[in-house]
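Just below is one structure, and these are the notes that go with it.
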Amino acid sequence: MLEEALREIKRGSAEIIDSDRIEKLLKAYFDEGKRYSVKAGFDPTAPDLHLGHTVLLQKLAIFQKYGATIQFLIGDFTAQIGDPTGKSATRKTLSAVQIGENAKSYREQVFKILDPAKTEVVFNSEWINPLGASGMLTLTTTFNVARMLERDDFDKRYKSGTSISISEFIYPLLQGYDSVHLKSDIEIGGTDQKFNLLMGRHLQRAYEIGKEQSVLMMPILEGLDGVQKMSKSLNNYIGVADEPNDMFGKVLSVSDELMWRYYELLSTKTLSEIEALKNGVADGTLHPKKVKEDLALEITARFHSFEAAQSARDEFDKVHSNNQIPTEIDAYSCNGDVWIAKALVDCNLTPSTSQARRDIKQGAVKINQEKIDDEQLQLATGEYILQVGKRKFAKLKVN
RNA sequence: GGUGAGAUAGUCAAGUGGCCAACGACGGCGGACUGUAAAUCCGCUCCCUACGGGUUCAGAGGUUCGACUCCUCUUCUCACCA
């Protein structure tokens with residue numbers, strides 16, 4: 001039982017620091033029913049969760065299964081600084097109202113995966129604000145610039161001549177201080193968070209709270225392009241709130257290589273089951289598309305329902321395999337004869353008439369399934385199905 | 001605080017008075033081939049009912065028939081020195 005729990009917890013992880021302690025915590029749970037805490041921090045600027053976030057959430061859910069109380073930390077204070085991890089982006093400061101709304105939307109989405117009874121939602125402004133200037137000063141004396149610059153992000157930016165704000169040095173310190181305040185036993189995060197996660201250990205030692213958290217890092221999930229990490233700003237994400245049809249379609253659009261990555265990090269299938277699928281594809285007994293379809297079904301069903309996932313698959317076959325029109329398309333209407341380029345813009349199929357002309361010239365535009373090549377075409381009264389490329393459809397009624 | 005360098009389209013990056021709506025690369029979009037996969041090949045990539053017109057090269061002025069290119073100021077960034 002303990003063995004199995006450990007295996008499940010370690011599955012897919014990229015790196016674990018002080019895994020002996022995790023083992024001890026688990027043992028104490030199994031032997032004496034003693035609970036422990038696992039911390040994970042989230043940024044309230046991005047309440048729209050995508051599958052990248054769920055890698056962590058699913059890991060947290062497994063911890064909950066084995067005696068952990070989750071400290072679900074919403075970094076409302078630290079959001080004012082902006083995590084320097086990865087690219088630097090100017091953050092807009094959020095009002096208390098916005099943060100409240102975002103936190104609410106977090107709850108709705110997160111509890112599709114986590115058990116609310118074993119989760120504490122906390123905000124770090126609660127303890128960071130009372131720190132005051134002197135508390136902050138004490139915090140900064142625990143670390144030095146040279147070590148700060150060892151951090152890969154900072155090092156690269158420093159060497160390449162990109163600016164680093166002093167406040168960004170504060171960010172890891174505050175994240176670490178969260179672990180001091182919460183007395184976390186374990187913290188989990190992405191591998192890109194390594195520096196910040198280790199800061200928790202450093203500060204727990206400096207503040208002598210009598211323990212140092214273990215750290216479990218999960219790999220970063222690649223986005224649909226298979227190269228960059230999944231993120232909303234890169235628009236290569238699958239959102240947990242995406243419609244079933246979108247979700248299914250997006251999973252199916254990933255490359256075969258990336259599919260295995262998604263299986264590893266997102267599927268609840270066991271490692272040996274996944275291995276069997278790989279062998280099947282390798283020796284030709286399984287079609288890779290079928291395997292991908294199963295994954296898409298599993299993921300879609302997780303956030304919607306099994307029925308919704310199945311109808312998404314049927315819809316997909318209908319549109320893409322049989323080249324039919326989707327069941328539901330956005331409908332628009334307008335008056336009088338309309339110039340085709342204008343119509344495409346009005347139906348949000350194209351961002352400008354210039355783009356519309358180009359698309360027509362390139363044979364990307366279809367009206368009622370018929371390819372057109374006349375840029376000057378006027379649409380007379382009637383109903384039309386407009387299509388640009390393979391995926392964009394709209395229904396237009398000309399009065 | 002001083003000195004020097006720099007800011008070009010989604011990103012990187014050419015252009016140092018007219019040939020510039022601005023080379024190239026990446027990304028993105030479209031087409032062919034497919035399994036809406038990958039790879040490959042081809043085309044497109046500021047806006048406008050368009051063989052023409054309009055707005056762009058950090059911002060504001062100026063010099064010039066003409067400026068992304070020269071000058072002044074402003075904002076921001078980096079390097080070295082303090």
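Convention: sequence-line order gives letters A, B, ...; per-chain numbering from 1. Quick caveat, the model's predicted, so the values are computed rather than measured.
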Ignoring hydrogens and angles, tell me if any N or O in the side chain of Ser333(A) forms a donor-acceptor pair with the backbone of Lys397(A) under 3.5 Å. no
Connected via hydrophobic side-chain network under 4.5 Å: Ile329(A) and Val398(A): no
Would you kindly check whether a donor in the side chain of Gln362(A) faces an acceptor in the base of rG43(B), or vice versa, at under 3.5 angstrom? yes
Considering only nitrogen or oxygen atoms on both sides, find all protein atoms under 3.5 Å from nucleotides 48-50 of chain B and state each distance.
unit_1	atom_1	unit_2	atom_2	d
rC48(B)	OP1	Thr353(A)	N	3.2
rC48(B)	OP1	Thr353(A)	OG1	3.2
rC48(B)	OP2	Thr353(A)	N	3.2
rC48(B)	OP2	Thr353(A)	OG1	3.0
rC48(B)	OP2	Ser354(A)	N	2.8
rC48(B)	OP2	Ser354(A)	OG	2.7
rC48(B)	O5'	Thr353(A)	OG1	3.3
rU49(B)	OP2	Thr353(A)	OG1	3.0
rU49(B)	O2	Gln376(A)	OE1	2.7
rU49(B)	O4	Gln378(A)	NE2	3.1
rA50(B)	N6	Ser354(A)	OG	3.4
rA50(B)	N6	Arg357(A)	NE	2.9
rA50(B)	N1	Arg357(A)	NE	3.2

Could you check how far CD1 of Ile372(A) sits from P of rG31(B), rounded to whole Å? 13 Å
The reported gap from NE2 in His181(A) to CD1 in Ile128(A) (rounded to nearest 0.5 angstrom) is 9.5 Å
Nearest whole angstrom, please: distance from the C1' of rG43(B) to the CG of Asp373(A). 16 Å
May I ask you to verify if any side-chain N or O of Arg358(A) is less than 4.0 angstrom from the OP1 or OP2 atom of rC47(B)? yes
Between CE of Met259(A) and P of rA38(B) the distance, given in whole Å, is 13 Å
Tell me: CD of Gln228(A) to C1' of rC12(B), nearest whole Å? 13 Å
What integer number of Å spans the C1' atoms of rG15(B) and rC70(B)? 16 Å
Does Phe306(A), at its CZ atom, have more than 12 non-hydrogen atoms belonging to other residues, nucleotides or ligands within less than 6.0 Å? no
Would you mind classifying the nucleic acid contact of Lys290(A) as base, sugar-phosphate or nothing, using non-hydrogen atoms under 4.0 angstrom? nothing
So, Tyr207(A) versus Tyr177(A), ring centres under 6.0 angstrom or not? yes
Residue closer to the 5' end of RNA chain B, Gly249(A) versus Asp359(A) (nearest nucleotide): Asp359(A)
Closest-nucleotide mapping onto RNA chain B: is Lys289(A) or Asp225(A) further toward the 5' terminus? I mean the 5' end. Asp225(A)
Calculate the interatomic distance between Lys361(A) atom NZ and rU45(B) atom P; express it in whole Å. 8 Å
So what does Val254(A) touch, heavy atoms closer than 4.0 Å: a base, only the sugar-phosphate, or nothing? sugar-phosphate
Enumerate the salt bridge (Lys or Arg N to Asp or Glu O under 4.0 Å) contacts for residues 341-355 of chain A, please, sequence neighbours excluded, ordered by first and then second residue. none
Rounding to a whole Å, what distance do you find between Lys390(A):NZ and rU34(B):P? 11 Å
P spacing across the pair rU45(B) / rA79(B), given as an integer number of angstrom: 38 Å
May I have the distance from Gln387(A) (atom CD) to rG31(B) (atom C1'), rounded to whole angstrom? 13 Å
I'd like the P distance from rA9(B) over to rA14(B), given in whole Å. 13 Å
Aromatic plane relationship, Phe72(A) with Phe42(A) - under 30° parallel, 30 to 60° tilted, over 60° perpendicular: parallel
